[in-house]
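Let me begin by presenting the structure, written as structure tokens, before commenting on it.
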Amino acid sequence: MPLEEIRGSFRVFENSLRGSLQKVGFEHLQVGCDCASKYVQGTVAASYPLSKVGNGTSFFKIILQESENPCSKAGAVNTYMFGKLAEDCASVVHQGDIMVVAGFSVSKSTSEADGHCCRLEVSDEAGSTIYIKMKRKIKSRESTHQVCTRSSNTITGSETVAMSVAPSYTYTPLNLVKGGTIVNLYGAVKFFKPPYKCKGTDYCSVITIVDQSDAKLICSLFNVNRDALPQIYKNGDIVRFHRIKIKEFSGQLQGISSSGFAALTFDGTVGTPVVPRTSSKLFTFTDEDRKTIEDLRIWVASNLLNSAVAAKLSGIQPPMYFDLTCQLVGKAKLDGSSYLLKVWDGTKCPFLYWKVVVREDDFEGDSVLIHRLRNLTVDVVVYDNHVQLAKSLKVGSFIRLYSLHAKFQSPEDEPDVSYLQFHLHGGTTYGRGITSLPEGHADVEDLKKFLNSVDLMEDESSESPSEPENAYFTLGSCSEGCQQLSVTVLRDHQHFEVTALSTILNSRSPQPYRIRAKLRQFEPEKLHQSVKLHCPQCKLLQEVPDGSELDLILQEASATCPRPDLQNTSFCESVVWDTENQGQRRVVIHFVKHDELLQDPEDSLIMIEGGTLEEILKLSKKFKGIIPVRAMEDDLELLDLSAPFLWQGNIPHYGCKHCSNPKAIASLSPLAAQKDPLWEPTTIAQALGLVPLEYVFVMKFMLDDGTGTLNVYLMDCKDFFQIPASEVLTNNIFQENIERIMNKLCPSGTNLDDLPWLDCFIKSYYVTDGREQQICYRVFDTTIAEDV
DNA sequence: TTAGGCTTAG
């Protein structure tokens, strides 16, 4: 067998080996020596991850340290294993194991840093045999996570080698971090917001860490993938951040995830296994890391006061905010901005509590189980930003609700009775949020054990404070209006109180409000009339030219003749396209070169002289971007800014006539010289000295909340309808969607009573025509609910 | 870009 484990006494084994083979010391290993009857013996000082060489053969490298002669200059030798032997060894070899290698060949080492002039090579094909005397039996395979393990007593030579593969990280104590640097940090979590979808494109997690230096650092971490953010479950967890950027904000240093950011998270409890939580497949983890974590754990135990309150349902003391670890047994949609989670933690809530009635069709969960648990489950209503995550939770899974609010509320028709309600309010303040706990998490295992021990029969027979007959009532009966559907979702500022329109009408100061009202009327009726072009700089609005206007603009601009001598400029390759049967009309296409070469059409920017709208639209299906140009004096230049400066897809992009300062087309050449030019409209506009206009929906809503009516403007690029205004004029599906939404918000011939509610943010502001000031209102941070 | 800890108000 090419790989054998040595059982029993190593001395006995070695004696048996000496009958046929001769031991060779590391200092006698030389290229060209006859090793057929030799063996070497050493201790595994370090191992590297199993990898593959160019032809796909498996490759495994270890550093073998001469056990009996650790002071020798040639005390360590790199051993390279190939093929199946490499795979077999990689799965069993650990640092500290004693290894005997026979049937090896000796090659010249490729690096002086290897510490030995030679290296050993072994494989099944070469007839090699490796014997391993395990340092200890290891049941769990924690060490498979290790990219490289450095022995605590490695000699200098092998340490150098180890570090050249697995970088040695330096960790900055939190009191020594400086603005404008990128550092590696260790810290204990003092506060955290579980990952949530933020206003940008990513998920965000805000984490405050502390360490033995007593300094704290608030870190904002972003990632498009929720799972890539640190998996923190409670304060006191320990994090390791690599490549976090430090910058100053409001006079305070903060950390922010930058390119290459990576995190590991560990349970912060002394004595629990040191197992890193990460979604990354490859990371380093050394003995020093383990030591750092163990030291931090000890420090946490006596220095970090956990401000979060964790409670069982049996122990709550309302009103309070607390963290609840529980199992999800059912869930249901309530309306666009609220969602029901039915949960239990095996204990009984001692108060009369609120149960939410939902339509059977909207409910997901095992009704038989829920009936059996009826005296132990509680209904949690989650709002706003938490709805999306709540929807995605799996019934049966274990979850933690952070900063859950338990408070009493009396129904209007029963002022003498108060029921306990559980709300996970909107927003993320105080770390409000939900995490799904993974199977195997210690708290999940404990909860499972406890849930299995609960005697349901005993509970079912007992008198319950929340008998369904008298405790069930609908969302609506607790507070006027709260059950009625809102067709909008608030993207932020959920703590704002609702202001009546009558109050707003009587106020003259510019300020934001949260309102709840119905849409009586809106203008314009025709959707295409609502899309305008808006200059973010001078704020002017203008109409979007229609097809016939555009055609005319292009015809006028094409009146100048293409100049053949302006072709083939430094960054373009030009062709003349003779139009058939169209008299004198000639079209010149300039292909923008990248790195002296033409790109694939779908990545290419082209410029066109003398093309019609029809031709441009045809070409825009094939090329990344099209810039209409004309020849003027000695250079190519943009058309008059009445015409688009760019087509991308079938969308024309315009520049502001007032704010732009157009430059010669040659200004694009630095962009063309970039490694991978993306040809984004904003970068092209910037290079050409243009301020790009944005497409916006402009609508006027007449809102009514029963206390008054208010005209409110909507001016929005994409956030309100979740449909980009830039694409709506050229996309039938988007047009139909918006028409459907508007029809739901304000169906014609419907009484005000039957219209849906809109929760909105509006802000008041003044406009002046030079003589008179007028107060106006505008919608912001409001989105149409997904299910509308 | 986003958030920049510091409870909703249903």
Side-chain angles (χ1 to χ4, degrees), chain A residues 179 189-210 216-226 229 232 235 245-259 261 307-309 318-323 334-340 354 356 379-387 401-409 411-412 419 421-433 474-486 488-499 514 516 680 682 717-719 757 759 781:
Chain A
V189 175
K190 183 176 181 291
F191 165 85
F192 71 104
K193 292 185 174 187
Y196 63 96
K197 189 89 178 70
C198 63
K199 277 203 214 169
T201 54
D202 291 349
Y203 284 89
C204 171
S205 183
V206 176
I207 300 163
T208 304
I209 54 171
V210 288
K216 76 165 189 179
L217 185 72
I218 298 170
C219 303
S220 299
L221 310 179
F222 300 97
N223 200 293
V224 71
N225 177 5
R226 176 193 293 273
L229 289 168
I232 297 167
N235 290 343
K245 188 157 81 185
I246 307 296
K247 66 172 195 177
E248 201 182 305
F249 177 79
S250 291
Q252 211 181 14
L253 290 177
Q254 63 171 207
I256 185 159
S257 51
S258 62
S259 146
F261 172 81
S307 54
V309 182
M320 75 184 300
Y321 293 90
F322 68 109
D323 295 350
L334 297 177
D335 68 28
S337 64
S338 61
Y339 201 85
L340 168 70
W354 184 50
V356 182
D379 286 354
V380 174
V381 180
V382 311
Y383 295 92
D384 305 323
N385 55 312
H386 309 300
V387 170
L401 299 158
Y402 297 92
S403 209
L404 180 61
H405 191 189
K407 68 162 213 170
F408 287 108
Q409 177 88 33
E412 277 201 341
Y419 294 91
Q421 302 184 348
F422 296 93
H423 299 280
L424 191 73
H425 299 294
T428 62
T429 42
Y430 273 78
R432 208 179 303 120
T474 62
L475 260 170
S477 60
C478 64
S479 165
E480 180 63 30
C482 69
Q483 87 289 7
Q484 289 175 284
L485 298 178
S486 171
T488 50
V489 176
L490 303 175
R491 291 202 299 273
D492 202 350
H493 334 284
Q494 287 85 1
H495 59 282
F496 266 54
E497 282 184 40
V498 172
T499 305
R514 174 178 176 160
R516 187 170 167 83
E680 294 295 337
T682 43
C717 291
K718 61 177 191 328
D719 294 329
W757 286 101
D759 282 325
D781 276 351

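By convention in this document, chain letters (A, B, ...) are assigned in the order of the sequence lines, proteins followed by strands, and residues within each chain are numbered from 1.
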Out of B:dT1, B:dT8, B:dG5, which has the shortest distance to the side chain of A:D202?
B:dT1
A:S257: side-chain contact (heavy atoms from CB on, under 4.5 Å) partners, not counting sequence neighbours:
A:L221, A:F222, A:F261
Nearest listed nucleotide, side chain of A:F249, among B:dA3, B:dG4, B:dT7:
B:dG4
Looking at A:K199 and A:D719, is there a salt bridge between them, counting it only when a charged N and a carboxylate O are closer than 4.0 Å?
no
Need to verify one output field. Residue with the more 5' nearest nucleotide on DNA chain B, A:C204 or A:Y430?
A:C204
In whole angstrom, give the distance that lies between atom CD of A:Q409 and atom P of B:dG10.
7 Å
Can you tell me if A:D202 uses its side chain to pair, donor with acceptor, with the backbone of A:C204 under 3.5 Å?
no
Selection from B:dG10, B:dG5, B:dT2 that lies nearest to any side-chain heavy atom of A:T201
B:dT2
Identify which nucleotide among B:dT8, B:dG4, B:dT7 has an atom closest to any side-chain atom of A:Y196, counting heavy atoms from C-beta outward.
B:dG4
Roughly, in whole Å, what's the span from CZ in A:F191 to P in B:dC6?
6 Å
Presence of donor-acceptor pair under 3.5 Å, side chain of A:T208 and base of B:dG5:
yes
For the side chain of A:Q252, starting at C-beta, report the closest nucleotide among B:dG5, B:dA3, B:dG10.
B:dG5
Has the side chain of A:D759 got a donor or acceptor that lies under 3.5 Å from a partner of the other kind on the base of B:dG10?
no
Counting heavy atoms from C-beta on, name the nucleotide in B:dC6, B:dG5, B:dT2 closest to the side chain of A:T429.
B:dC6
Can you figure out which of B:dG4, B:dT8, B:dA3 approaches the side chain of A:I256 most closely?
B:dA3
With a 4.0 Å cut-off on heavy atoms, is A:K197 in touch with a base, just the backbone sugar-phosphate, or nothing at all?
nothing
Nearest to the A:R514 side chain among B:dG4, B:dA3, B:dG10, which nucleotide is it?
B:dG10
Looking at A:K216, I'd like to know whether one of its side-chain N or O atoms comes within less than 4.0 Å of OP1 or OP2 on B:dG5.
no
Under the side-chain contact (heavy atoms from CB on, under 4.5 Å) test, which residues partner A:L253, sequence neighbours left out?
A:V177, A:L217, A:I246, A:E248
Report the distance from atom OH of A:Y203 to atom CG of A:N225, rounding to the nearest 0.5 Å.
8.5 Å
